[in-house]
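Structure first, commentary second.
Every chain is numbered from 1 and lettered A, B, ... according to where its sequence line falls, protein lines coming before strand lines.
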Amino acid sequence: MPLALCAAAFLGFQGQPPRLKTVLPNGATILVERMAHEKTISVQLWAPVQGMDLSHMHLLEHLIAKGPDKKLDERLESQGGFLRARTMRSAMQFEISVPLGKLSLAIGAVNEVLKPFKTTDDEIEREMKVMAQEFAQVDDDSRLSAAAWQSAYGAFGTDPLGSLEQMQVATPGQLENLQRELFEPSGIVVTIAGPVDLDRATSAVRPTLSKQPRGKRPAAPNAPKGLPGRAVVPGAYGEARSAIVLGYSSQETVAALAAALAVANDLDGCFVTYTPSDERGLVTVGRTEAPSGVGLYIDALDENGTALLFRQGKALARAWIERYLTTAQGTAYIRGLLLVQGAAHRPETMLASIERLTWKEFQGGMLALTRGRAITVVGSP
Amino acid sequence: MILLPLAMLSMQGSVIEIQKPTAKHVTIQAVCKLPPLDPLGRAAVDLLAKTLTNDNDHFSKAEMTAICVPGGEPRASAMPDHIWMRLSVLRADAAAGVRMMAAIVRTARITPEKVGELLETEPYKTRSIWSRALDSAPRAWTQLKHADVETMRLLVMRPENVTVAVGGPIVPVAAQIVWTEATEDWQVSKRPRPLRPVRDSVAPPSQRSGETAVIEFAGREWHRGEDSAPRLLSLVALGSGKGSSLFRIAREQMGASYRQEAALYPSQGGLVPRLLIQAKADGVEQETATAIKTAILKDIESWNDATLARAVGHAKASLGGGLMNPFYLHANTTIGPGFEDEVFMAAYWNAKTGGTWNPAAIAEQFETVTVEQLRSTARSFLDAAELVIHD
C-alpha cells in the first residue's frame with residue numbers, strides 16, 4: 001500500500017501540466033507555474049493601473065507595501081523572505097520571494113497588502129521625505145527613458161515615478177479610496193512560480209483573492225500614436241534613441257528590440273529598456289557612461305553593417321525573453337506583467353514573433369531607431 | 001520516490017565541476033587572483049580585463065562570439081582582489097568552451113592599439129555616485145602605458161593564480177581533461193618585475209557632482225579564520241534588508257535616505273564590511289552622518305530575539321544570492337541567485353580561501369550566535385568604523 005501511494009504521488013506530480021491558470025468568479029486570475037528545480041518560490045501580486053489617476057499611485061505603493069502593522073518586512077525576512085514593490089505604467093507589482101516550503105508565508109504577505117489600509121497625514125508627510133530622496137537618486141538611464149516617453153506620448157507617457165508636487169497634497173482618504181479601486185478583483189493577477197504543486201498553490205491563494213470586494217474598474221485608454229522627436233534632459237548625461245513600437249508581439253516591436261539589443265551588444269556600456277505591453281510603447285537603447293555616440297553609431301549603419309547584426313540581434317531578443325523564463329522570479333514577473341494587461345497575453349507569443357523575424361523586418365527595426373523616426377534624447381549636464 | 005541530486009559538486013585538481021543536468025547552457029568561469037595594487041596597478045588591471053576577451057593565439061574574438069550562446073560571449077571584469085572571466089556555451093560545445101577559456105587566460109593579445117583606444121575613453125567614463133562610493137580607488141591613467149598592461153598580464157595570468165569552474169549539463173571529469181590538455185604546455189615566462197611605483201599623486205578623474213552623495217561607515221577588513229557568524233549577522237542586522245537598523249532609522253524614521261545597504265566588498269586581504277547610505281547631497285554633512293550613527297548605536301541597545309531572528313533569516317537567504325544581500329563581489333552589483341553566480345562563488349571562494357564555498361555550513365554557525373554577541377559585534381563595528389562621505 002505505501003508503495004502504491006508513493007507511486008501515485010510521484011505520477012501525480014509527473015502528470016501535471018507545467019502551469020495552471022484559474023479565473024475566479026470575481027474576475028481575479030491565478031497563474032501557477034511549477035519549476036521543480038528552483039530554490040525559491042516567487043509570488044507576485046499584480047494590479048492594473050491603466051485608466052486610473054496615477055498622480056498618487058507611487059506614494060500608495062510605498063505605503064501599502066509596509067503592511068497594515070508596518071512589520072510585514074520583519075516577518076518575511078525572519079524566515080528568509082523578501083518583498084519588493086514597483087509601480088509601472090501598466091501595473092503595480094508586489095513581488096515576494098520565499099525559501100522552499102514557505103508558500104503560505106508569501107500568500108500571507110499578499111493577504112496583508114490587499115487588506116484595506118489606513119494612513120494618516122503624518123505618515124504621508126514622513127513618506128514624502130523618503131520619496132524626495134528617491135527622486136534625487138533617479139539614474140540617468142531612467143531620466144533619458146522617461147523623457148523619451150514624454151516626448152513620444154505626451155500625457156499618456158507620464159512617468160510612473162509620479163510628481164512630488166502632486167503626491168505632497170495627497171490625503172489619507174484619497175489614498176484609501178485609491179487602494180480600493182486598485183485592488184478591484186476583476187483586474188488582479190497573482191502569479192506563483194517555483195517548486196510547488198499547481199493545485200495546492202492555487203487552492204492556497206484562492207481564499208485571499210475570492211474575498212476581494214467587487215467594484216468598478218475604469219477602462220484603459222487607448223494610447224495615442226507616438227511621435228518622433230527630440231528631447232533634452234537638463235542635468236543628465238548621455239544619449240538614447242527610442243523606437244516607437246506597437247504591442248509586445250508585433251513584428252515591428254520584436255524587430256526594434258532585436259535591433260536595440262544588437263546595438264547594445266556591439267557598443268560598450270549601453271542599456272536597453274523595454275517593458276512588454278499590449279499597448280504602444282518604446283524600445284530604448286542608450287548610453288550614459290559617455291556623452292554621445294549611440295545615435296552616430298545607429299545612423300552610420302549601412303546595409304552590410306545591419307546584416308552583420310541581424311543574426312546576433314534575433315538571438316539576443318530570444319535570449320532576452322528566455323532569461324525571464326529560467327528563474328521563478330523572472331517567470332512570475334513576465335507572466336504576471338502580461339496577464340495583468342489581458343487574459344490572452346503570454347511570453348510564448350513574443351517568442352513566436354521573434355522566431356518569425358525576417359531580415360527585412362530587422363532592417364525596419366533598425367530604421368525605427370534612426371534620427372527622424374525615433375525619439376532622440378540627449379543629456380545636458 | 002528516488003531523489004536525484006540536482007547538482008553534484010566535485011573538485012578535480014584545478015577545475016571545479018558543478019553538474020546541473022537541468023541547466024540550459026554550460027557556464028565556464030575563471031577567477032584570477034591579484035596581487036596588492038597601487039593606482040597604476042589598478043589602471044593596468046582595469047584595462048587588462050577589458051582586453052582579455054579580444055583575440056588570442058587560438059581564437060579570434062569573432063570565433064569566440066560565434067561559438068558562445070548569445071549573451072554568453074566572453075566577458076571579464078576586475079575587482080580589487082580578482083579578475084573574473086566567464087563565457088557560456090551549449091552542452092555540445094563544452095570542450096570548445098573550456099579550450100577558449102584556456103586560450104584567454106594564456107594567450108590573450110593585448111595590442112597597443114586597443115590599449116590606446118581604451119585610454120581615450122576609460123578615464124572619462126561617467127559613473128554613478130553609488131559606483132564611485134563602492135570603488136573609490138584612484139587609477140593612474142595618465143601614467144599607464146601599453147607595456148604596463150602586458151606586464152600585468154604576465155604577472156597575474158599564471159597557473160597558480162587561476163581557478164576554473166565549469167557548471168551545467170556536463171560530463172564528469174570531461175572539463176578537467178580538456179583543461180589539462182589545453183594547459184599542459186603552459187610555459188609561463190619568468191615573473192616580470194612589478195610595475196614601477198606611481199610617480200606623482202594621482203588626481204581622480206573629474207566626475208560631475210549629482211544630486212546625491214553617499215555616506216559610508218567602513219569597517220575593518222575581515223580575514224580568514226576570524227569568527228564570521230556574529231560579524232555577518234551583525235552586518236545584516238545593521239544594514240541588510242528592510243528590517244535592518246539602517247532602513248528603519250536612516251530611511252523610515254529620519255527620511256534621510258532612499259537607498260541604504262550593507263556591503264561586503266573584496267579587498268586584498270579579505271572582505272571589508274561597509275554601510276552605505278545614499279542621500280540628497282544638500283543634506284549630507286558630517287552632522288547627518290553623526291546623527292545616523294548615534295541613532296543606530298541607540299537602536300542596537302534595543303535589539304532582541306526578533307532582531308536576531310530577522311538577521312538569521314535574511315542572512316541565510318543572502319548566502320544564496322537573495323534580494324538585498326551584502327555580497328558585492330561583482331563590479332557594482334551583488335551576487336545573485338542564478339546558477340552562473342553559484343559557479344562563480346565556487347571558483348571565487350576557492351581562489352580566495354583555498355576552501356569550498358559552503359553556505360549551509362556558514363548558516364549552521366548562525367544558530368550559535370546570541371543577541372548579546374550580535375549587539376557587541378555591531379557596536380564594535382560602528383565604534384571603529386571610518387566615516388567617509390563620497391560626493
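- For A:Gln133 (side chain) and B:Ala256 (main-chain N/O), a donor-acceptor pair under 3.5 Å exists by modelled atom type.
- With a threshold of 4.5 angstrom between heavy atoms, A:Lys39 approaches chain B through side-chain atoms but not through N, CA, C or O.
- The main-chain N or O of A:Glu322 is never found under 3.5 Å from a side-chain atom of B:Lys24 such that the two would form a donor-acceptor pair.
- Under a 4.0 Å N-O distance rule, the pair B:Glu252/A:Lys66 qualifies as a salt bridge.
- The shortest non-hydrogen separation linking A:Ala319 to B:Pro70 is CB-O, 4.2 Å.
- The environment of B:Asp305 atom CG is sparse: at most 12 non-hydrogen atoms of other residues, nucleotides or ligands sit within 6.0 angstrom.
- For the set B:Lys316, B:Gln278, B:Gln253, the count of heavy-atom pairs under 4.5 angstrom toward chain A peaks at B:Gln278.
- Formation of a donor-acceptor pair under 3.5 Å by the B:Glu211 side chain with backbone atoms of A:Gln137 is not found in this model.
- Within a 6.0 Å radius of CZ in B:Arg91, other residues, nucleotides and ligands contribute 12 heavy atoms or fewer.
- Electrostatic pairing of A:Asp73 and B:Arg248 does not count as a salt bridge here, judged by no charged N lying under 4.0 Å from a carboxylate O.
- Contact count versus chain B (heavy atoms, under 4.5 Å) is highest, among A:Val130, A:Thr40, A:Thr327, for A:Val130.
- With a 4.5 Å cut-off on non-hydrogen atoms, A:Asp139 does not touch chain B at all.
- In this structure, A:Leu76 and B:His314 have side chains that are not in contact, with every pair of non-hydrogen atoms separated by 4.5 Å or more.
- Heavy atoms closer than 4.5 Å to chain A are found nowhere in B:Ser318, neither backbone nor side chain.
- For A:Thr288, the part lying near chain B is the backbone, with the side chain staying farther off; criterion is any non-hydrogen pair under 4.5 Å.
- A:Arg84 pairs by the side chain to side chain donor-acceptor pair (under 3.5 Å) definition with A:Glu95, not counting sequence neighbours.
- Per-residue heavy-atom pair counts under 4.5 Å with chain A were compared for B:Gly243, B:Gly71, B:Gly241, B:Ser257, and the maximum is reached by B:Ser257.
- A salt bridge is defined here as a Lys NZ or Arg NE, NH1 or NH2 lying under 4.0 Å from an Asp or Glu carboxylate O, and B:Arg310 with A:Glu77 meets this definition.
- When heavy atoms are compared at a cutoff of 4.5 Å, A:Leu261 does not approach chain B at all.
- Few gaps surround CZ on B:Arg75; more than 12 heavy atoms of other groups in view lie less than 6.0 Å from it.
- By the 6.0 Å contact criterion, NZ on A:Lys71 is open, its count of non-hydrogen atoms from other residues, nucleotides or ligands being 12 or less.
- Under a cut-off of 6.0 angstrom, the local environment of CD in A:Glu125 is sparse, with at most 12 non-hydrogen atoms contributed by other residues, nucleotides or ligands.
- A donor-acceptor pair shorter than 3.5 Å can be found between the side chains of B:Glu73 and A:Gln312.
- Side chains of B:Lys242 and A:Phe82 form a contact here, defined as non-hydrogen atoms less than 4.5 Å apart.
- Using a 4.5 Å cut-off between heavy atoms, B:Lys280 contacts chain A through both its backbone and its side chain.
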